[in-house]
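Here, residue 1 is the first one in the sequence, and each next residue gets the next number. Because only heavy atoms are used, hydrogens play no part in the values below, and waters and symmetry mates are left out as well, while side chains stay in.
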Amino acid sequence: MTCVKLPWRLIILKRAASAQTECRRASVRLRDRLLQFIMSAALCGSAWAQQVPQPRLPTVQLQAGMHNIVAEVARTPEQQQIGMMMRTEMAAHEGMLFVFDDAASRCFWMKNTLLPLSIAFIEDDGTVVNIAEMKPRSEASHCSEKPVRYALEMNQGWFSKR
């Protein structure tokens with residue numbers, strides 16, 4: 001006897017006469033586990049999401065005057081969308097460099113970002129167009145004043161101190 005429960009993609013093979021009963025019990029156990037998982041996710045909110053470590057992106061060494069920066073490079077739209085979300089710490093000399101295919105006006109927000117950050121909008125030749133201070137978990141937009149191909153996020157205050 002084969003029992004197939006499609007909503008949870010549960011497949012149980014049984015040859016005994018009580019196969020239907022076993023399938024029903026397994027289905028109920030799976031449903032209960034899924035409900036526990038969904039409830040814990042709903043109750044924990046963003047704290048639950050923080051338990052999943054964000055993979056590190058490839059890094060590049062940058063030099064800003066006499067200061068060395070180790071920056072993760074976000075090149076793809078998916079990497080750029082995630083950015084620094086859910087990170088709880090970042091070393092003083094670390095950051096994230098956003099590299100875009102073309103120069104355009106760029107805007108960033110901090111909806112799911114837990115760290116206070118500063119962002120520098122940078123032209124092709126390395127000229128900083130403008131710098132914005134960004135608050136954690138804010139939906140306020142921070143935009144470049146001119147078209148740029150690069151944006152560099154660092155810990156808040158990094159640019160003003162240097």
Side-chain angles (χ1 to χ4, degrees), residues 4-11 30-31 33-162:
V4 179
K5 292 292 185 181
L6 292 178
W8 300 291
R9 300 201 189 293
L10 172 67
I11 300 171
L30 179 60
R31 184 199 64 209
R33 291 271 175 129
L34 286 172
L35 287 173
Q36 286 176 337
F37 178 76
I38 291 166
M39 289 301 295
S40 66
L43 292 174
C44 295
S46 62
W48 173 75
Q50 291 175 29
Q51 295 173 3
V52 179
Q54 183 180 0
R56 293 287 186 168
L57 300 174
T59 60
V60 65
Q61 296 278 339
L62 302 174
Q63 193 163 2
M66 61 183 209
H67 304 285
N68 292 319
I69 300 168
V70 176
E72 292 182 55
V73 181
R75 289 186 187 275
T76 68
E78 294 81 21
Q79 293 169 340
Q80 293 166 353
Q81 184 179 7
I82 294 170
M84 299 296 290
M85 284 184 184
M86 302 304 174
R87 304 253 178 124
T88 56
E89 59 185 23
M90 184 170 63
H93 67 285
E94 292 180 347
M96 183 169 284
L97 179 66
F98 295 82
V99 179
F100 300 97
D101 292 334
D102 59 345
S105 180
R106 308 287 178 195
C107 295
F108 287 71
W109 68 341
M110 301 277 287
K111 183 177 180 181
N112 293 318
T113 307
L114 308 175
L115 300 170
L117 300 174
S118 296
I119 188 167
F121 296 99
I122 306 168
E123 291 181 303
D124 282 336
D125 64 359
T127 304
V128 175
V129 172
N130 63 300
I131 296 170
E133 301 296 324
M134 303 187 297
K135 294 180 181 178
R137 299 180 185 206
S138 169
E139 293 185 23
S141 287
H142 304 279
C143 301
S144 60
E145 294 173 357
K146 295 185 350 188
V148 296
R149 274 201 52 206
Y150 307 100
L152 177 62
E153 287 182 340
M154 298 293 289
N155 282 311
Q156 193 169 64
W158 190 92
F159 297 104
S160 62
K161 291 176 187 172
R162 290 159 184 83

Engineer: So, Ser144 side chain and Arg106 main chain: donor-acceptor pair closer than 3.5 Å or not?
Structural biologist: yes
Engineer: Tell me if the CD atom of Glu89 is crowded by more than 12 foreign heavy atoms within 6.0 Å.
Structural biologist: no
Engineer: Measuring from atom CG of Leu97 to atom CE of Met154, what distance do you get when rounded to the nearest 0.5 angstrom?
Structural biologist: 10.5 Å
Engineer: For residues 134-154, which residue pairs qualify under ring-ring contact (aromatic ring centres under 6.0 Å, His included), counting only residues two or more places apart or in two chains?
Structural biologist: none
Engineer: Working to the nearest 0.5 angstrom, can you tell me the gap between Ser141 OG and Met110 CE?
Structural biologist: 12.5 Å
Engineer: Between Ser118 and Glu133, is any side-chain donor less than 3.5 angstrom from a side-chain acceptor?
Structural biologist: yes
Engineer: Rounded at 0.5 Å granularity, tell me how far CZ in Arg149 sits from CG in Asp124.
Structural biologist: 5.0 Å
Engineer: Under the ring-ring contact (aromatic ring centres under 6.0 Å, His included) rule, what pairs show up with a residue in residues 95-130, not counting sequence neighbours?
Structural biologist: Phe98-Phe108, Phe108-Phe121
Engineer: Which pair of heavy atoms, one from Glu145 and one from Asn130, lies closest together, and at what distance?
Structural biologist: N-OD1, 3.1 Å
Engineer: Residues two or more places apart in sequence or in another chain: which of them pass salt bridge (charged side-chain N to carboxylate O under 4.0 Å, His left out) with Asp101?
Structural biologist: none
Engineer: Could you tell me which non-hydrogen atom of Pro147 sits nearest to which non-hydrogen atom of Ala103, and how far apart they are?
Structural biologist: CB-C, 4.0 Å
Engineer: Output all residues satisfying salt bridge (charged side-chain N to carboxylate O under 4.0 Å, His left out) with Glu94, sequence neighbours left out; order by chain, then residue number.
Structural biologist: none
Engineer: Nearest 0.5 Å, please: how far is NE2 in His67 from CG in Leu62?
Structural biologist: 13.5 Å
Engineer: For residues Asn68 and Gln63, determine if any side-chain heavy atom of one lies less than 4.5 Å from a side-chain heavy atom of the other.
Structural biologist: yes
Engineer: Let's go through Val70 and Gln61 carefully: what are the C-alpha distance in whole Å and the side-chain angles of both, what is the deciding distance for side-chain contact (heavy atoms from CB on, under 4.5 Å) to 0.1 Å, and is it a yes or a no?
Structural biologist: CA-CA 5 Å; Val70 176; Gln61 296 278 339; 3.5 Å; yes
Engineer: Kindly give the heavy-atom pair with the smallest separation between Gln156 and Met134, and that separation in Å.
Structural biologist: NE2-O, 3.1 Å
Engineer: Where is the tightest heavy-atom contact between Pro136 and Pro116, given as atom of each residue plus distance?
Structural biologist: CG-N, 3.7 Å
Engineer: What heavy-atom pair brings Trp158 and Ala64 nearest, and what distance separates the two atoms?
Structural biologist: CH2-CB, 4.1 Å
Engineer: Under a 3.5 Å distance rule, please check whether Asn155 uses its side chain to pair with a backbone N or O of Leu115 as donor and acceptor.
Structural biologist: no
Engineer: Starting at OG1 of Thr113, measure out to CE of Met96 and round the result to the nearest 0.5 Å.
Structural biologist: 9.5 Å
Engineer: Among all residues two or more places apart in sequence or in another chain, which pass the salt bridge (charged side-chain N to carboxylate O under 4.0 Å, His left out) test with Asp125?
Structural biologist: none
Engineer: Taking all non-hydrogen atoms of both residues into account, name the closest pair between Ala151 and Ile119 and its distance.
Structural biologist: CB-CD1, 3.9 Å
Engineer: Could you state the interatomic distance from CG (Leu114) to CE (Met86), rounded to the nearest 0.5 Å?
Structural biologist: 6.0 Å
Engineer: Kindly say whether Val99 contributes a backbone atom to a donor-acceptor pair with the side chain of Gln80 at under 3.5 angstrom?
Structural biologist: yes
Engineer: Taking side-chain hydrogen bond (donor to acceptor under 3.5 Å, both in side chains) as the definition, give me every residue that meets it alongside Glu123, ordered by chain and number, with sequence neighbours left out.
Structural biologist: Lys146
